[in-house]
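Notes for the one structure printed next.
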Amino acid sequence: MNNTNKSTEKTEDATEQIVTRFAPSPTGFLHAGAYRTALFAYFVARKNNGKFLIRIEDTDRERSTKEFEENIFETMEWLALDYDGMEKQSDRVENHKMYLEKLIKEDKAYVSKETPVKEGDREEVIRFRNPNKVVTFTDLIRGDISVDTTDLGDFVIAKSINEPVFHLAVVVDDFEMGVNHVIRGEDHIPNTPRHILIMEAIGAPIPKFAHLPLVLSPDRTKFSKRKGALPLTVYRDKGYLPEALINYISMIGWNPGGEQDIFTKEEIINLFDITKVQKGGGIFDDVKLKWVNKEHMLKLSHDEYKNNLEKFMPEELVSLPTYSSRIDSVVDIVRDRLEYFKQIQEMDEEGDLAYFFKAPLYDREILLCAEKMRKGKDLNHESLAKILEICKAELEKLESNIWNKDSVKDTLWPIAESEGRGIVLWAIRVSLSGKEKSPDPFILSETLGKEETLKRIGEAESILKEKL
Ligand code: GLU
C-alpha cells in the first residue's frame, strides 16, 4: 500500500527536448482560461526550443462539434500560436485499444461485470487494477503532491475495448506523442494520480506536471459565459489585436515582475517562467484588457493602424468623395480614443464620425445652447450668428496653404478673447461637427480644410439667422 512511486524520482535527462501540448475538448467555445493554458504550454516549449503540440480531445462524440473544433483552430491561427504537430484523439482509438488489450493481458486491467443502476450504465466495463499505493508527483507550480490512491479503487479506464475514458486516452496519447511536460488546469489535479498509475502500468515515463490555477471573473466567482467569458474570436471580430490578448491573458496569474505591463509575444517567451505562476486564481478583467489593447494599438504605425481601422469603417463613409483625403487625419484623431477597432462603428452610431466626411445636419437648439453659457451678457441667436460671421471673415483671410490647426487657432483666438472663449469655441465646434462634443475644433478645421470649414460655419450662421 505504501510503496512510494519510484519513477518520479528518476534523474532528469537534461538534454531531453521539452514537449508540451494543448489538449482542448471541443465541447464548447473555449474562453481565455483555456487559451491561457495553451499559451503557457506554448511559452514553455518555445522558450526551451521544445515542441508544442495540439491534441483535440474529441472522444465525447455527443458533445464535440465541428464548430467548436474549428473555432479552436481559428483562434490558434489568429493568435499566431504555431504548433509542431496535431492529433485528434478520435483518430487514435486503435492505439488506445492496443494498450487496453495489453493491460488486460498483463492482468493490470480487467473486464468487470457491473450491476447497472441508472439508464445508460454498462453491464461490463474495463477497470484498472489499482496497486493501492501512495503516488507522489512534482508539480512545477505547487511542488510535490502525494496522494494515497487506495480510495480510488479499481477505477474505470474504458466503457468497452473501443471506448476508452479520458484517463486512459490522455495517458496513452501523451506517451505516444512524447509529451514530457503536462500543463493543464488545476481541475485535473485529482486525475493526475490515476494517470500516473496508468503510466506506470504501460511503462510510460512520468512527465512533469504544471496545474494552472483557475481564471476567475472580477467578483472572484467562476469565469463563465454569464460572467463575460467569451470565445476569443469575439475579440478578433471586435478588432482587438492578437498580441494584446496574448499579453493580457499571459498576465492572469503570472507576471515577470517590474513595472512594465506591455509585452510582445517574443518578450513573454523570453521572460516566461512556469514555476512563477501564482497558486491562487487569477482574474479576467475586461477593463484591463481594453487598456492593454489600446496600448498595443498605440504601438502600431500610422499605416498599420489605418489598415486595421479600415476593416471596420462604415462602407457608406468609405464611399464618400471626401474619404480618402480625410481618413489619415481621422486616424490621428481617433488614435487617442479607441480601445478596439470596431469602436469606430460605435462612434459612428453615436454620430461622432460621419461629420469628418460629410456636413452635419444642424440642430438649432444646440447652436443656441451657447447662449446659456454666456452668463450675464446679452446674447441671442442673432448675436451668435454675428460672431460666426466675424470668425468666418477672419478665416477667409487665412491662406489655404498655411491652413492648419495652429493658424486657425491664432486667427480665432483674438475673437474668442473678446467675445468669450466658451461661446466662440462652442459655436465653431457645433458648426463643424453638429455636436456638443467633438475633437478640438481647431484640429477638426484642419481635417476639413479651409473650404469645408467656411462652408459649415456659413451654414450654421444661416440656420441661426432663420426666423422661426
Ligand atoms: N481535454 C482536457 C480538457 O479540456 C485536457 C486534458 C489535459 O490537458 O490533460 O480539460
Side-chain angles (χ1 to χ4, degrees), residues 18-45 50-65 67-73 75-76 81 83 85-93 95-96 99 135 137-142 145 147 155 157-158 163-199 202 204-215 222-225 229 231-232 249 274 277 281:
I18 288 185
V19 181
T20 68
R21 49 52 168 191
F22 173 43
S25 306
T27 51
F29 283 113
L30 303 187
H31 58 60
Y35 289 105
R36 189 186 54 161
T37 305
L39 281 166
F40 286 6
Y42 176 85
F43 296 147
V44 169
K51 279 192 188 160
F52 170 64
L53 310 174
I54 295 194
R55 183 173 65 243
I56 300 293
E57 302 211 319
D58 57 349
T59 40
D60 183 343
R61 290 294 178 180
E62 268 137 56
R63 292 172 58 232
S64 301
T65 72
E67 187 192 9
F68 297 141
E69 185 182 317
E70 275 163 13
N71 188 262
I72 295 169
F73 287 108
T75 308
M76 299 299 282
L81 295 188
Y83 41 90
M86 194 282 285
E87 301 253 14
K88 278 203 200 178
Q89 203 156 54
S90 56
D91 294 338
R92 303 184 39 82
V93 177
N95 306 50
H96 305 145
Y99 281 94
V135 160
F137 63 95
T138 305
D139 185 286
L140 295 170
I141 298 168
R142 288 152 212 276
I145 300 180
V147 181
F155 53 90
I157 53 173
E163 298 166 285
V165 303
F166 165 71
H167 303 307
L168 182 99
V170 77
V171 167
V172 168
D173 293 346
D174 280 341
F175 177 37
E176 293 202 327
M177 291 166 79
V179 173
N180 51 25
H181 282 63
V182 170
I183 298 169
R184 58 185 173 190
E186 69 177 11
D187 46 325
H188 286 290
I189 291 180
N191 298 328
T192 301
R194 287 182 180 85
H195 296 180
I196 290 175
L197 292 178
I198 303 173
M199 285 165 188
I202 67 170
I206 311 301
K208 293 227 161 66
F209 291 92
H211 289 98
L212 307 176
L214 294 179
V215 171
K222 188 171 183 278
F223 186 47
S224 64
K225 212 160 150 185
L232 298 196
I249 293 173
I274 191 94
V277 171

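Just follow the structure's listing: the first ligand is 1, and inside any ligand the first atom is 1. Not measured: the values here are computed from a predicted model.
The side-chain hydrogen bond (donor to acceptor under 3.5 Å, both in side chains) test applied to Glu87 returns no partner, not counting sequence neighbours. Applying the ring pair (Phe, Tyr, Trp, His ring centres under 6.0 Å) test to His181 and every residue at least two apart in sequence or in another chain returns nothing.
Formation of a donor-acceptor pair under 3.5 Å by the Asp58 side chain with backbone atoms of Ser90 is found in this model. Side-chain N or O atoms of Asp139 include one that pairs as donor or acceptor with a backbone N or O of His211 at under 3.5 Å.
Applying the salt bridge (charged side-chain N to carboxylate O under 4.0 Å, His left out) test to every pair with at least one member in residues 169-180, sequence neighbours left out, gives these pairs: Arg21-Asp174, Arg55-Asp173, Arg55-Asp174, Arg92-Asp173, Arg92-Glu176.
Within 4.0 Å of ligand 1, protein heavy atoms come from Arg21, Ala23, Ser25, Glu57, Phe166, Val170, Arg184, His188.
Considering all non-hydrogen atoms of both residues, Ala34 and Phe22 come closest at O-CE1, 3.5 Å.
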